[in-house]
Amino acid sequence: MFDEADENYDPVLIESIIDFDPNTMCVEQESSDIIDTLRGWLSDSVPSHIDIDSIDSFSDHSEIFSFEIPLNRKEWLVEDLASKRQRSPRLFEFLVLLLGKPQYKSYASFIDKAKGVFQIYQPEKVAELWQSVKSRQSNQRMTYDKFARAIRWYYKSNIMQKTNTRYTFQFSSKTLKNYFVDENNNTKLSLKS
DNA sequence: TGCGGAAATA
DNA sequence: TATTTCCGCA
């Protein structure tokens, strides 16, 4: 059906083929065949010791989706409003960019985009990615623990809100207002601290 | 795991 | 200044 080696292969396109109703959280009947096919692929690509049925959205998927996503630094630059210069993103900007990239959906994705609530599925992968994208480099390894602490600093400045749920974070309404002023799927970062 | 103080650092 | 690092507490 779809061949990954095919240059026309597009995971986003596949997604649009499946008729998913966000209200009922169910897929339409016609889509079930496609789901089964995808499930078949998963069976072939996932290590045999892993029970696919045991995989849920709250587990760390790093063992399952262990393939590397090539890093393209340019994709992670933001334009500084003041200087009009390209620069590495701040942590919250990194999060906005990450959530906007379909290829990173297995890393983290929105649970409730309108409220800015998102969940991280591969904590250490995200922390690792943050380390390679951020401006301020260090010799030590970025861990989810430190990554999460940095996010918690945002509570005080009201850039983020507490969720008190495992691997789940939320942008504040203020941040949502200032950084999601886009109407399409293009992420707009209109800075204004 | 999440939280947040305290101190260090790019 | 914006995290990063370390860590005791819940």
Side-chain angles (χ1 to χ4, degrees), chain A residues 25 47 49-66 68-69 71-101 103-182 187-193:
Chain A
M25 295 298 277
H49 67 277
I50 296 176
D51 174 16
I52 292 181
D53 291 314
S54 72
I55 298 174
D56 62 71
S57 61
F58 293 94
S59 62
D60 185 333
H61 295 179
S62 58
E63 189 183 3
I64 306 149
F65 302 101
S66 57
E68 290 300 319
I69 294 178
L71 174 67
N72 182 349
R73 279 198 162 279
K74 290 181 181 176
E75 278 186 25
W76 299 96
L77 295 177
V78 296
E79 184 180 284
D80 191 280
L81 283 193
S83 64
K84 261 301 188 184
R85 286 279 184 177
Q86 295 279 297
R87 40 156 260 251
S88 296
R90 283 185 55 186
L91 179 54
F92 70 90
E93 293 170 328
F94 162 75
L95 291 172
V96 172
L97 291 174
L98 178 68
L99 265 0
K101 297 179 187 302
Q103 67 268 42
Y104 285 104
K105 277 188 174 177
S106 69
Y107 278 43
S109 53
F110 279 112
I111 287 179
D112 186 333
K113 191 168 184 180
K115 290 182 178 175
V117 182
F118 62 93
Q119 179 163 179
I120 293 177
Y121 303 120
Q122 299 187 63
E124 297 307 330
K125 281 280 188 181
V126 173
E128 215 171 89
L129 183 57
W130 166 235
Q131 174 161 43
S132 57
V133 163
K134 68 192 169 77
S135 166
R136 189 183 149 192
Q137 290 300 317
S138 163
N139 336 306
Q140 297 182 64
R141 182 188 182 75
M142 176 53 64
T143 62
Y144 173 72
D145 180 62
K146 292 186 284 185
F147 171 80
R149 177 68 188 94
I151 290 181
R152 291 198 291 276
W153 268 111
Y154 284 148
Y155 295 157
K156 189 153 61 180
S157 54
N158 195 34
I159 287 178
M160 301 268 227
Q161 280 171 23
K162 281 185 202 173
T163 258
N164 283 309
T165 306
R166 191 169 173 242
Y167 302 141
T168 305
F169 299 91
Q170 177 171 199
F171 289 107
S172 69
S173 54
K174 164 198 167 191
T175 302
L176 240 31
K177 188 180 179 182
N178 291 166
Y179 307 93
F180 291 95
V181 212
D182 55 316
T187 308
K188 211 154 199 169
L189 295 175
S190 59
L191 302 209
K192 193 208 77 178
S193 268

Find the distance I120(A):CD1 to dG2(B):C1' and express it as a whole number of Å. 13 Å
Spacing of CG belonging to N164(A) relative to CZ belonging to F169(A), to within rounding of 0.5 Å: 10.5 Å
For dA2(C) and Y154(A) - does any side-chain N or O of the residue sit under 4.0 Å from the phosphate oxygens OP1/OP2? no
With respect to the phosphate group of dC3(B), does any side-chain polar atom (N or O) of Y155(A) fall under 4.0 Å of OP1 or OP2? yes
Distance, rounded to the nearest Å, where R166(A) contributes CZ and dC3(B) contributes P: 14 Å
Under 4.0 Å, counting only non-hydrogen atoms across every strand here, what does Y144(A) touch: a base, just sugar-phosphate, or nothing? sugar-phosphate
R87(A) CZ to dT1(C) P, in whole Å, measures 16 Å
In terms of ring plane angle, is the pair F171(A) and F110(A) parallel, tilted or perpendicular, where the classes change at 30° and 60°? tilted
In Å and rounded to the nearest 0.5 Å, what is the OG1 to OH distance from T163(A) to Y155(A)? 6.5 Å
Interatomic distance, K156(A) NZ vs dT3(C) P [rounded to whole Å]: 14 Å
Is it the case that K146(A) places NZ or CZ above or below the six-membered ring of W130(A), under 6.0 angstrom from the centre and within 45 degrees of the axis? no
Footprint string (nucleotides 4-10 of chain C, 5' to 3'): B base within contact, S backbone only, - free, heavy atoms under 4.0 Å: BBBB---
Please work out which of the three classes, parallel, tilted or perpendicular, describes the rings of Y104(A) and Y107(A), given edges at 30° and 60°. perpendicular
According to the interplanar angle, ranging from 0 to 90°, do the rings of W76(A) and F94(A) count as parallel (below 30°), tilted (30 to 60°) or perpendicular (above 60°)? tilted
Atom CG of N158(A) to atom C1' of dA2(C): distance rounded to whole Å? 17 Å
